[in-house]
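Here is the structure we will look at, set down as structure tokens.
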4 protein chains.
Amino acid sequence: MASSEQKQAGEQAGSKRRPGRPRCEHSRQATLRSTLKLLQKTGFADLTIEAIAADAGVGKATVYRWWPNKGALVVDAFASSAESQLHFPDCGSVYGDMSLQMNQFLRILHSRRGRIVSAVIAGGQSDAELIEAFRKRFLRPRRQEAYQTLRRGIERGELPQDLDLDLVLDILYGAIYMRFLIRHADLSERYINQVCRLVLDGASTIGRPLSKVKSQLRPTNGRKMQGALRN
Amino acid sequence: MASSEQKQAGEQAGSKRRPGRPRCEHSRQATLRSTLKLLQKTGFADLTIEAIAADAGVGKATVYRWWPNKGALVVDAFASSAESQLHFPDCGSVYGDMSLQMNQFLRILHSRRGRIVSAVIAGGQSDAELIEAFRKRFLRPRRQEAYQTLRRGIERGELPQDLDLDLVLDILYGAIYMRFLIRHADLSERYINQVCRLVLDGASTIGRPLSKVKSQLRPTNGRKMQGALRN
Amino acid sequence: MASSEQKQAGEQAGSKRRPGRPRCEHSRQATLRSTLKLLQKTGFADLTIEAIAADAGVGKATVYRWWPNKGALVVDAFASSAESQLHFPDCGSVYGDMSLQMNQFLRILHSRRGRIVSAVIAGGQSDAELIEAFRKRFLRPRRQEAYQTLRRGIERGELPQDLDLDLVLDILYGAIYMRFLIRHADLSERYINQVCRLVLDGASTIGRPLSKVKSQLRPTNGRKMQGALRN
Amino acid sequence: MASSEQKQAGEQAGSKRRPGRPRCEHSRQATLRSTLKLLQKTGFADLTIEAIAADAGVGKATVYRWWPNKGALVVDAFASSAESQLHFPDCGSVYGDMSLQMNQFLRILHSRRGRIVSAVIAGGQSDAELIEAFRKRFLRPRRQEAYQTLRRGIERGELPQDLDLDLVLDILYGAIYMRFLIRHADLSERYINQVCRLVLDGASTIGRPLSKVKSQLRPTNGRKMQGALRN
DNA sequence: ACTTAACCGAGACGGTACGTCGTGTCTTGCC
DNA sequence: GGCAAGACACGACGTACCGTCTCGGTTAAGT
């Protein structure tokens, strides 16, 4: 994926311009633009290079020259659309910060960009580079900021010190992704707030990684485990 | 999707056989079997109906006669294979039952059939009928059982009476789906147990739907109003 | 072709009715009727057994039970439509009789049955039985009568005694078939009259078979042949 | 039909190449060659584009890009193979020239290419474009030459000046086509010579169009009005 | 009246070819 | 040498008929 980046890096490394006409920036952007546009209409599986090239007024060979396959192109297009960074405020409570942040995410999912997110995740199920790009360009940056939010909560004493941050964030966001992808129930602001409250409340008491917890991991008998529910 | 079911249901409803030669059950099962077999090798996008028909020794038209598209076929195959695999035991505690069931699910996801789950969800992002079939044939039946598990917990007093069951289940399973689909962190037994503990613990205290909290329909019930319950 | 005939003959030969339900005459006629109907719309190549069966409200297997292939069915249908025998008058001159007879034929070709004639000839190009049936059921009966017409002309002295009748008839009717099949020029009554006159005039002088003619068949030199044109 | 010709003509007319890769002449000829080859084995109805493409080592889409249907392809193949085969010589007499040319045609019909002629005429009975292509690519060019042959005969005085050339040619060739297509009698060299003699003899005396006969435009010519000329 | 056997309609079956579409590669002439 | 245009070999698509095969039901002759 993102082959254009690599090739440009190659140019700079040689410190000498390649001969011939340099690549046409206009074509590149038209291609990315058309990719996003069509992706919102048709989904990843039905997206065709042919249609993108036609829509962009670009030769098919030009597309293949710069992107090795559909996934790489979609990744590039997706990354180039990461326009407005999300705002992670500090409003004094983990619940407030997280629910605000998650509601921003919700609005993205409900916007036209949401179709692209689902398309990228869908495509990523059969294209390792595509899902990797999704993680690197979309998930990770957001998560870095979410870490800060949770750490502030720990400092404030709202959350235990040895909290497994990824655990909490996967639970929180997993609840969103689930309804977003499977669409079996309403993905509303209210739902997000409920998720937030339940998970953060659970985290505030027992959210530490099990490795540091004294109790058994897997009780040999379900009956005996009953009492262990409260750790 | 799942057209064979519907047509057969139609027969039974009319209580009178349709005229003409009845469908060949042998072909149906050979088709489903080949679908599963090939899906484990190639992934959803590269799976072709042509290959399925050839592998099953079945005419292509026969496949199209009973399944409108690749997705419906895959869902049918998946559902028919996974139907009797996931049990919700009663071992005396919500945590025990849920973590056991979720670990069963985990094993499916990690088996070769896991590819099928991700394929169906991926395909469903651009095919409404496909994701609907996934919900109807796979998600919903299991969820019915999960409701029972949670209700037993309520009866035992482990969970509050007015708990929003779907909320809890979406949080629990969302955490699994997230790591399964985005693959950014290890989807281990340990992870599942942690999720289970955190979420059920959170649920045991504050997981009631807000609407019921505000209306206070049944004040005689032993519910404890949380001070933190706002928004 | 015409397998139904053969089977019925078989019944009679055994002088004992076969057990079981006898064949349904209604289905047979509906099939033939639909064959003619569709043949007028689509031509031989595009005619399908499936469409015939559907149009006739008859099972496909019933068609195959009684006719081994499309050609045989078309032959039967064509033969069953040989309703009105042509009228071969005796009006005192070969020209008068033949032109009248050919004009009757012209009207058939221009009617809806004309499409069937062309379809049968077309189909006959890749189905020996079909063209044989055309000869036997359509061409031969007409030719028998045409022989009479020409023989009357010979008796009257209008045509030479040793005239090759088939030669003359093939020239006369060939001119019609050519324009009918290739459709490069108008196939009109006037054209037929012209053909008739030219050919019969030619026949009246030199139409004897060459075997009885003294002159060389193939002159070794074209120059010398010039005078031989008049025999 | 014959689309390649037209498109190439279009190029030349615009005197400017179309953009994009030009068509591959090698593929075109391989396709035509395979068409002829297979047509001699299987007949028109059983000929498949799929087999042609496979035999020619050509993509099926490439065939469809240049020929709209099987018929057009067959006509193109036939025309391109028969173009330089039929010569109208000038050996000093109409009879000599015509019989020689008709015998050349006879040899074609009796060769393996004869199957192609009958296939095209057969296909043309349910495909107007196919028979039109046959006329344009095969019949018309040859007829132009035949006109010359007959006109030479007129100049030499062998045939009357106001002879209807198409009438004579349709009678001559119709006799061939009839036996060729209906196959009810031997289509031999002897037959052709007989036809030739009879028809040309008939033409030499009365083959003028009736319209011109009645108007009597040029009474100086040595035409003998026939008493039998009525209707 | 009952059995028997062949008929019938409907339509599913394994196939084959259809004509279309998208893939990724290639060849042009222009820039 | 990049670029658009578009032809190319390839392969899967979803459809239409082929000729065969079950089905349940019908129709008569022979018991």
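Given the structure is predicted, the values throughout are model-derived calculations rather than measurements. Order of the sequence lines fixes the chain letters, A, B, ..., with proteins taken first and strands second; residue numbering starts at 1 for each chain. These numbers come from the heavy atoms of this one structure, side chains and all, not from hydrogens, waters or symmetry mates.
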| query | What closest approach, in Å, do S34(D) and I52(D) show between heavy atoms, and which atom pair accounts for it? | reply | CB-O, 3.9 Å

| message | Given 3.5 Å as the limit, does a donor-acceptor pair link the side chain of Q125(B) with the main chain of I121(B), or not? | response | yes

| Does R21(B) make a side-chain donor-acceptor contact with the base of dC13(E), cut-off 3.5 Å? | no

| query | Just how far, in rounded Å, is P of dG22(E) from NZ of K70(A)? | reply | 11 Å

| Roughly how far apart are R115(C) CZ and F44(C) CZ, rounded to 0.5 Å? | 14.0 Å

| task | Establish, with yes or no, whether the OP1 or OP2 oxygen of dG14(E) is under 4.0 angstrom from a side-chain nitrogen or oxygen of S27(B). | result | yes

| remark: Of A56(B) and C24(C), the one whose nearest nucleotide on DNA chain E sits closer to the 5' end is C24(C)

| message | For a quick check, tell me whether the side chain of K60(C) and the base of dG19(F) share a donor-acceptor pair closer than 3.5 Å. | response | yes

| Counting side-chain heavy atoms from CB outward, which of dG9(E), dG19(F), dC13(E) is closest to I49(C)? | dG19(F)

| field | Below 4.0 Å: OP1/OP2 of dC3(F) and any side-chain N or O of W66(A) | value | yes

| Sole candidate of D46(B), L47(B), V74(B) that passes side chain to side chain contact (heavy atoms under 4.5 Å, CB included) when paired with L38(B) | L47(B)

| query | Within this structure, what is the CG-to-P distance between L47(A) and dC21(E), rounded to whole angstrom? | reply | 17 Å

| From dG22(E), dC8(E), dC3(F), pick the nucleotide closest to the side chain of R65(C)? | dC8(E)

| field | Rounded interatomic separation in angstrom, taking CZ from R23(D) and C1' from dA5(F) | value | 17 Å

| remark: Atom CG of N69(A) and atom P of dG24(E) are separated, to the nearest Å, by 7 Å

| said: Quick check on DNA chain F: between A61(C) and E50(B), whose nearest nucleotide comes earlier from the 5' end? | reply: E50(B)

| request: Find the distance D46(D):CG to dC18(F):P and express it as a whole number of Å. | output: 13 Å

| field | Most 5' of P19(B) and P19(D) on DNA chain E, judged by nearest nucleotide | value | P19(B)

| query | How long is the line joining CG of L73(C) and P of dG19(F), in whole Å? | reply | 11 Å

| Among dA12(E), dA4(F), dC8(E), the one nearest T62(C) by side-chain distance | dC8(E)

| query | Rounded to the Å, how far apart are W67(B) CH2 and dA12(E) C1'? | reply | 13 Å

| Can you tell me how far CZ of F78(C) sits from OG1 of T35(C), rounded to the nearest 0.5 angstrom? | 13.5 Å

| message | Nearest heavy atom decides the nucleotide; on that basis, is A51(C) or G57(D) closer to the 5' end of DNA chain F? | response | G57(D)

| query | Tell me: OH of Y64(B) to C1' of dA12(E), nearest whole Å? | reply | 18 Å

| request: Report yes if a side-chain nitrogen or oxygen of R18(B) is closer than 4.0 Å to either non-bridging phosphate oxygen (OP1 or OP2) of dG11(E); otherwise report no. | output: no

